[in-house]
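Just so it is clear: chains get the letters A, B, ... in the order the sequence lines come, proteins before strands, and each one is counted from 1. Only heavy atoms go into these numbers, but all of them, side chains included; no hydrogens, no water, no symmetry mates.
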Number of protein chains: 4
Amino acid sequence: MAEVDTTTRILDTAEVLFAERGFAETSLRTITGKAGVNLAAVNYHFGSKKALIQAVFSRYLDPFTARFHEALDALEARYHGRTVPLEALLESVAETALAVPAERNSLKVFMRLLGLAYSQAQGHLRRHIQQHYGDVFTRFTGLVRRATPDLPDAERFWRLHFVLGTAIFTLSGLDALKDIAEQDYAQQVSVRDLVRRLRPVVVAAMNAPLPDAART
Amino acid sequence: MAEVDTTTRILDTAEVLFAERGFAETSLRTITGKAGVNLAAVNYHFGSKKALIQAVFSRYLDPFTARFHEALDALEARYHGRTVPLEALLESVAETALAVPAERNSLKVFMRLLGLAYSQAQGHLRRHIQQHYGDVFTRFTGLVRRATPDLPDAERFWRLHFVLGTAIFTLSGLDALKDIAEQDYAQQVSVRDLVRRLRPVVVAAMNAPLPDAART
Amino acid sequence: MAEVDTTTRILDTAEVLFAERGFAETSLRTITGKAGVNLAAVNYHFGSKKALIQAVFSRYLDPFTARFHEALDALEARYHGRTVPLEALLESVAETALAVPAERNSLKVFMRLLGLAYSQAQGHLRRHIQQHYGDVFTRFTGLVRRATPDLPDAERFWRLHFVLGTAIFTLSGLDALKDIAEQDYAQQVSVRDLVRRLRPVVVAAMNAPLPDAART
Amino acid sequence: MAEVDTTTRILDTAEVLFAERGFAETSLRTITGKAGVNLAAVNYHFGSKKALIQAVFSRYLDPFTARFHEALDALEARYHGRTVPLEALLESVAETALAVPAERNSLKVFMRLLGLAYSQAQGHLRRHIQQHYGDVFTRFTGLVRRATPDLPDAERFWRLHFVLGTAIFTLSGLDALKDIAEQDYAQQVSVRDLVRRLRPVVVAAMNAPLPDAART
DNA sequence: GATGAATGAGAGTTCATTCAT
DNA sequence: GATGAATGAACTCTCATTCAT
């Protein structure tokens with residue numbers, strides 16, 4: 001690990017602890033203690049606990065956003081103007097999501113954090129994410145819209161979130177689920193494994209027939 | 001609300017607050033304050049905060065479990081011995097889940113709580129649920145197995161959790177999602193609505209083709 | 001134990017718990033819980049925790065006082081008017097102290113309680129004891145005075161307390177000391193044993209030469 | 001009092017209050033209030049109430065142990081190899097015990113604390129003391145053994161504790177006893193006074209004849 | 001005669017944050 | 001640039017006691 005600076009040490013430690021326990025359950029004392037830095041360092045370097053939480057997210061989302069924009073650029077270039085097929089779009093998300101945190105604690109932590117962002121009170125966090133990273137999501141949904149012209153807008157909106165939910169829920173609850181899976185099937189599971197299993201399910205979900213009496 | 005006893009008042013208040021903010025973010029002070037009871041009442045009636053959390057769950061899961069067993073009994077009776085089709089099983093879950101909390105704060109709170117049970121540290125809660133309510137889940141998965149004989153065991157396991165994740169994630173994050181949906185599509189969404197939309201997606205997900213190179 | 005009434009059950013339980021842990025460290029909840037009676041019973045039957053503590057003492061001290069008076073009567077009768085020798089007086093205390101709690105949890109508990117009465121804050125208790133049981137002690141010291149005419153009054157006062165201290169300290173700390181003794185000498189110790197060992201030591205202490213330059 | 005640092009202020013205040021009321025009866029709120037420091041300061045500087053209690057003891061026992069070792073070194077040097085007489089050994093304890101807390105609240109507090117250590121539940125404290133200060137006690141008893149070759153081991157063990165009990169009980173209950181003494185004999189008592197009175201008593205106690213039928 | 005329910009007070013502890021150095 | 005010390009607020013929990021029944 002060589003000698004890394006205080007700011008990084010805090011981020012590294014905080015991200016793991018947040019993912020393991022949630023935000024409220026992780027005290028600054030625990031973070032700074034494990035990171036081997038002074039208790040006051042978080043407030044000194046980040047200003048507050050809230051700001052630290054946002055910084056932890058930014059370290060994932062900044063490169064994710066950048067790469068995802070590039071990936072979409074590449075896709076659009078390849079299809080020059082024509083509709084990019086849904087499978088390619090979904091593949092693209094998956095690839096980016098797998099690529100970004102590869103060097104770090106990996107997808108699991110990232111997803112765990114995303115799940116927390118949804119499920120924990122942290123209103124400030126949801127606002128922060130929407131503000132800084134809403135654009136790329138909007139671009140993506142635009143492309144998905146062109147790829148699924150027969151889907152009513154509302155239906156598409158919900159299905160995207162169904163699918164997002166599946167991914168976040170599964171990958172973030174990975175440890176708990178792995179425990180159960182391994183005890184039931186004595187079988188090891190890797191993240192890539194899970195993503196492979198998710199692919200056909202996600203595609204099928206997006207392409208499912210419309211519900212009866214769809215009023216929209 | 002008429003005059004309800006202290007225990008119930010605490011449960012009612014706690015369940016809403018837990019769902020809104022999470023467990024760690026909801027203090028006993030807030031609960032008892034809002035419920036208009038003495039601060040010590042929680043410890044008197046439940047023993048500890050942990051026990052209160054579990055009690056909140058039991059109030060949903062006990063009737064849910066009972067009804068779900070009945071529903072499965074009815075299904076098995078109707079098909080006397082023959083395989084119950086997947087659609088009927090999934091329908092049965094949905095119906096039970098909708099029926100139980102109908103009189104209460106409804107499905108949303110219940111799902112929010114379930115989501116928290118997964119995502120928050122609360123190890124004690126996961127253990128409690130698995131211990132007290134594992135049976136009905138086991139029975140259900142057994143029936144699903146008969147209904148999907150072509151699905152490898154591991155694949156079925158994961159798909160059930162994919163689908164469970166979708167439901168929990170969507171229904172529990174309902175408020176946040178509703179905000180976005182309504183601002184994007186100026187459209188009201190009800191829980192029943194969402195369940196209706198979920199149905200074909202869930203079926204499609206379970207019936208999706210196997211992933212390439214499935215090693216199981 | 002047959003069926004004993006609530007008051008007795010409380011006293012029996014309280015006395016053991018007090019001796020084991022001290023007064024402040026023993027809650028009414030613990031007492032009533034272990035005694036299998038209602039939490040409010042202590043306050044109902046005794047009025048307060050203080051009154052319970054005093055009642056526990058009275059149950060020992062009332063018979064002790066009565067018997068000790070009888071024993072001193074007998075001694076004085078035997079020596080009709082002549083000085084009762086010190087050894088006889090000390091023997092008399094020891095015998096009474098051993099006899100009274102024989103049917104109960106025995107001397108150890110009694111001494112433990114006495115020790116607590118001295119060492120714990122409980123000012124109310126010291127006052128209570130002095131008020132209700134001071135007479136017999138005064139009578140005893142009067143006899144000791146006649147038996148040790150060469151001892152200055154102050155010296156006698158202190159030596160009696162030295163000796164009382166030895167007894168209380170040793171017998172009340174019996175469990176801790178037994179632990180150490182048994183681990184050092186692998187030897188069992190009984191209360192009677194200890195009293196036998198105490199006898200010559202106490203006599204020698206009372207008869208020790210006066211200190212140098214005794215200014216009294 | 002000049003300006004002393006928080007840690008010391010807490011220790012000074014705690015030691016007096018503990019001695020006056022016992023451990024359980026002294027709340028951190030009382031200590032910090034009287035010391036004029038923040039309530040959280042105890043936990044910040046010591047970690048817990050238990051740790052504070054142990055720290056209070058260490059402040060006495062560390063210098064006591066050091067000085068006592070030195071005193072025993074000096075004695076052994078003076079007698080080079082030959083048996084150190086019992087009187088010299090006892091004198092040495094008394095001197096050290098008087099010297100150490102001279103600058104502080106004095107022997108009374110120290111003894112009161114020791115008494116509490118025996119009589120109050122505080123198992124952690126007994127363990128702490130035995131662990132950190134057992135050595136010097138072992139060394140001392142070794143020397144006493146050489147000085148009293150005719151005493152059976154068990155007898156010596158108990159007599160040492162008898163004598164220790166006398167000292168602790170008398171000196172720790174000093175205030176109560178002084179009250180009684182002064183009201184009976186209108187006479188002031190100092191600690192040095194009491195130690196002077198204790199000396200011949202203690203020697204006589206150690207040299208008392210063996211009890212009848214001593215089985216050891 | 002006895003009790004289940006409830007309560008106000010106070011316990012030890014942990015928290016994020018601040019500030020002088 | 002960084003930190004040890006300190007703080008006020010809030011936490012969960014336990015206490016002895018009261019009271020309507």
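Taking 4.0 Å as the cut-off between side-chain N and carboxylate O, C/Arg59 and C/Asp12 count as a salt-bridged pair.
C/Ile53 has its CD1 atom 12 Å from the C1' atom of F/dA16, to the nearest Å. Atom-to-atom, CD1 of B/Ile31 to C1' of F/dT12 comes out at 11 Å; the value is rounded to the nearest Å. Here F/dC15 presents its P atom at 16 Å from CG of B/Asn38, a figure rounded to the nearest Å. Remark: P of E/dT14 and CG of B/Leu28 are 17 Å apart, rounded to the nearest angstrom. A straight line from NZ of A/Lys49 to C1' of E/dC15 spans 8 Å, rounded to a whole angstrom. Protein atom CD of B/Glu25 is 15 Å distant from nucleotide atom C1' of F/dA10, rounded to whole Å. Rounded to a whole Å, the NZ atom of B/Lys50 is 13 Å from the C1' atom of F/dC13. F/dA6 atom C1' lies 12 Å from atom CG of D/Leu39, rounded to whole Å.
Distances shown here put a side-chain N or O of B/Arg29 below 4.0 Å from the OP1 or OP2 atom of F/dC11. An OP1 or OP2 oxygen of F/dA6 is reached within less than 4.0 angstrom by a side-chain nitrogen or oxygen of D/His45.
Note: A/Tyr60 OH to A/Glu15 CD = 3.5 Å, rounded to the nearest 0.5 Å. In this structure, C/Phe23 CZ and C/Leu17 CG are separated by 12.0 Å, a value rounded to the nearest 0.5 Å.
No donor-acceptor distance shorter than 3.5 angstrom exists from the side chain of D/Lys34 to the backbone of D/Ile10, with no hydrogens or angles considered. With hydrogens and angles disregarded, no donor-acceptor distance shorter than 3.5 Å links the side chain of C/Arg21 to the backbone of C/Thr26. A donor-acceptor pair under 3.5 Å is formed between the side chain of A/His132 and the backbone N or O of A/His128.
Residues C/Thr6 and B/Thr6 both approach DNA chain E. Their nearest nucleotides, taken by heavy-atom distance, put C/Thr6 toward the 5′ side. The residue among A/Ala41 and C/Ser48 whose nearest nucleotide of DNA chain F lies closer to the 5′ end is A/Ala41.
The side chain of A/Asn43 lies closest to E/dT17 when the candidates are E/dT17, F/dT7, F/dA2. Here the nucleotide nearest the side chain of B/Ala40, chosen from E/dA16, E/dG12, E/dT7, is E/dT7. Nearest to the side chain of D/Tyr44, among F/dT12, F/dA2, F/dA5, sits F/dA5. Distances from the side chain of D/Ser27 to the nucleotides E/dG12, F/dT17, E/dA16 place E/dG12 closest.
Contact annotation for A/Thr26: backbone-only contact, meaning every heavy-atom pair under 4.0 Å involves sugar-phosphate atoms and none involves a base. Across all strands, D/Thr7 comes closer than 4.0 Å to no nucleic acid atom at all (heavy-atom distances). Using a 4.0 Å heavy-atom cutoff across all strands shown, C/Thr32 reaches no nucleic acid atom at all.
Residues B/Leu52 and B/Ile31 have side chains in contact (heavy-atom distance under 4.5 Å, counting atoms from C-beta outward).
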Exercise for the section: Go through B/Asp62 and B/Tyr133 one step at a time and tell me if the side chain to side chain donor-acceptor pair (under 3.5 Å) criterion holds. Expected result: CA-CA 8 Å; B/Asp62 283 343; B/Tyr133 309 100; 2.8 Å; yes

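With the 3.5 Å cutoff on both pairing distances, Watson-Crick and G-U pairs in DNA chain E assemble into runs of at least 3 at E:2-21 with F:2-21.
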